[in-house]
Engineer: 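The structure under discussion is supplied below as structure tokens; questions concerning it will follow.
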There are 2 protein chains.
Amino acid sequence: MTETTITDLPAPATPGSKSEQAYQAVKARIVEGAYTPGYRLVLAAIAKDLGFSVVPVREAIRRLEAEGLVTFERNVGATVSGIDPTEYLYTMQTLSIVEGAATALSAPLIDSVAIARARAVNREMRQCLDHFDPVRFTQLNQDFHSILFEHCPNPHILDLVHRGWNRLASLRSSTFRFVPGRARASVDEHEALLKLIETGADADDIEKAARIHRSATLDAYLAQAKTI
Amino acid sequence: MTETTITDLPAPATPGSKSEQAYQAVKARIVEGAYTPGYRLVLAAIAKDLGFSVVPVREAIRRLEAEGLVTFERNVGATVSGIDPTEYLYTMQTLSIVEGAATALSAPLIDSVAIARARAVNREMRQCLDHFDPVRFTQLNQDFHSILFEHCPNPHILDLVHRGWNRLASLRSSTFRFVPGRARASVDEHEALLKLIETGADADDIEKAARIHRSATLDAYLAQAKTI
DNA sequence: TCATAGTAAGTCGTATACGATTTCGTACCT
DNA sequence: AGGTACGAAATCGTATACGACTTACTATGA
């Protein structure tokens, strides 16, 4: 349906360069879970694997470090960033803020066609609930919000959203799991959000709704973590 | 008084490394205005100047690119990022959002001592108005907000604030100038903000006040730009 | 057995070198 | 004179090489 994925982001640097290729390759492996958190990223090994020398690989790793996907320690090396619950909290909280702002800023620019597409994605999400397909659910969730952000007037804020998504993706296949019941509520909130946008609600209300939509997932996680 | 400056930030990577030194050096020159927007950053020249080889310099430039301070083009080179009014708008708008959030999150954790320190800084800012010292005014303004953010519970958000400040710093000594009257209003808003924090006002109210405090500067700039 | 020093392996950090690409100037042709 | 093609200079992109640092292992002595 929608081909919006987490990878078609800024594409900032010099396309075609080996540095860029290495960046994309390593990032893909992290996001897809081939390199799990804690995995040791040895420059020489990656370079050999990709057929490059270590220099462009090194540059790629540093970029990933800047995005928070890997941790780098001098004279020691890089590892895929961990699943630290504190980091999760930070990232989710930050996302709630920037997604809220992005949604509010975009809302006035969303046309009815986009609304319809978002509704279709949301319907598909509801189906995922029945088949229990968390991976696809997460993908569709990003598609949904990507549609809302399509005409976001501030690319900086959009970039921050994408960075947050990338961080979360790196720990998708980790110990964190769906909180039962939360996913269904999320789908309902999507519908409510679309209604707000359609009716041209106040920007503050839209922002608040979008922010709570994200932070509720965080709250659900925290509540669950407390019971364990 | 306060020694909080724009340069004592994350200090993320490997301290002591030449790559890090080059990063700090080039960044300082941009922020201080030695390298003005549009300035051509030639790797070999910088390397020779610092006494390093090009490799660590290259890494430094790429980091600065990730922060938006320089623009990099494949096989061409890097230049100090420009003064594009659109970029200014994006940055200010983003700052209004993340500063607002940072202020609201920090407010409950600010003690009376910090409040007093912030007041002292704000008094000094008022004096700067009389002596007309815009550079010091800007510095004190950052000191003021840094005090409020001292115990910000979310380092990610704080990092976003710092990034925004850095971007603005790179165009401080450019065509952008103080908007007459705005600076004085800003000092008054600081006092109002402190009152809100002292009285334990609602987080939403604090966030809104802090956000408007920043976006009002943007509005003043836009209004002025329109008249020219 | 445990602690410790010494050593070897692994890995990173940076310098140097060279091929690739762009840019700019100049000469030639129309 | 204007435009195009060619060539040289400048600069970047990457490979290779080597020194520096960290880590883990091993052997030795208490």
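Residue numbers start from 1 in every chain, and the chains themselves are labelled A, B, ... in the order their sequence lines are given, proteins ahead of strands.
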Engineer: Restricting to side chain to side chain donor-acceptor pair (under 3.5 Å), what partner residues turn up for A:T71, sequence neighbours left out?
Structural biologist: A:S81
Engineer: Separation of B:R58 atom CZ from C:dG13 atom C1', in whole Å?
Structural biologist: 16 Å
Engineer: By salt bridge (Lys or Arg N to Asp or Glu O under 4.0 Å), which residues pair with B:R29, not counting sequence neighbours?
Structural biologist: B:D49
Engineer: Does the protein touch nucleotides 16-23 of chain C at the base, only the backbone, or not at all? Give it as B, S and - per nucleotide, heavy atoms under 4.0 Å.
Structural biologist: B----SSS
Engineer: Could you state the CD-C1' distance from A:E59 to C:dC12, rounded to the nearest angstrom?
Structural biologist: 16 Å
Engineer: Have a look at B:I61 and say if it touches a base, only the backbone sugar-phosphate, or nothing, with a 4.0 Å heavy-atom cut-off.
Structural biologist: nothing
Engineer: Would you kindly give the CG-to-C1' distance between A:L43 and D:dA20, to the nearest whole Å?
Structural biologist: 15 Å
Engineer: Are the side chain of B:T138 and the backbone of B:P134 linked by a donor-acceptor contact shorter than 3.5 Å?
Structural biologist: yes
Engineer: Please identify each residue that fulfils ring pair (Phe, Tyr, Trp, His ring centres under 6.0 Å) with A:H156, with sequence neighbours left out.
Structural biologist: B:Y90
Engineer: Whole-Å distance between D:dG19 C1' and B:K18 NZ?
Structural biologist: 11 Å
Engineer: Residues two or more places apart in sequence or in another chain: which of them pass side chain to side chain donor-acceptor pair (under 3.5 Å) with B:S96?
Structural biologist: none
Engineer: Salt bridge (Lys or Arg N to Asp or Glu O under 4.0 Å) with B:R211: which residues, sequence neighbours excluded?
Structural biologist: A:E207, B:E207
Engineer: Tell me which nucleotide among C:dC12, C:dT14, D:dG13 gets nearest to the side chain of A:V42.
Structural biologist: C:dC12
